[in-house]
Amino acid sequence: MSDDARFDPRFDPAFQPGYDGPIAEALPAKARPAATVPEALPVVQPPRQAEPEVEDDPSPRRANPFLIAIGVAAIVFIGGGLYLVSRLRDLFSDTQSTSAIDYTTLQVLMYAAPLVLVLGLATGVGLLFLLAVRRDRP
């Protein structure tokens, strides 16, 4: 091994760049002392406190306004999606009309209406899942 400053003394020289020496087949295992079992610590009981009185009639939980808003949004999305789908049918079937709705608007509505309907259903399922998870909480 050369006395090069690139070697890190913390690590085995065989695993460092520039090492030209022999590679050892296997290093002897060092004998480790047997692990000692710590003595058992005494169990200390916490001081007993008086138990709080349990009320027979707990105050009712208030309704979460955010959950109500999410429910209303789900209903609006489902209703709006159904309205748009039914309105698209009328717009496509009425060929003699001189309406101001152009082809691009019809294409946008054709893709947006089912997406709004699916978003409303997904929001409703998510709200139902959240309510099911929170049902048995005290």
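Starting from 1, each residue takes its place in the sequence as its number.
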Which heavy atom of [X] sits nearest a heavy atom of [Y], and at what distance?
X	Y	result
Ala74	Gly124	CB-N, 3.8 Å
Val116	Phe77	CG1-O, 3.4 Å
Ile68	Ala63	CD1-CB, 3.9 Å
Ala113	Leu88	CB-CD1, 4.1 Å

Discussion item. Quick check on the hydrophobic clustering: are Tyr111 and Leu109 connected, directly or via other members, by side-chain heavy-atom contacts under 4.5 Å?
Written reply: yes
Discussion item. Let me check something: do Leu106 and Met110 share a hydrophobic cluster, defined by ILVMFWY side-chain heavy atoms less than 4.5 Å apart, either directly or through other members?
Written reply: yes
Worksheet entry | Test item: Arg134 and Leu67 side chains (from C-beta on) under 4.5 Å apart, heavy atoms | yes
Discussion item. I'd like to check the side-chain hydrogen bond (donor to acceptor under 3.5 Å, both in side chains) partners of Arg135; sequence neighbours left out, ordered by chain and number.
Written reply: none
Practice prompt. Mind checking the CG-CD1 spacing from Leu119 to Ile78? Nearest 0.5 Å is all I need.
Written response: 9.5 Å
Item to complete: Would you give the length of the straight line joining atom CG of Leu131 to atom CD1 of Ile70, rounded to the nearest 0.5 angstrom?
Response: 9.0 Å
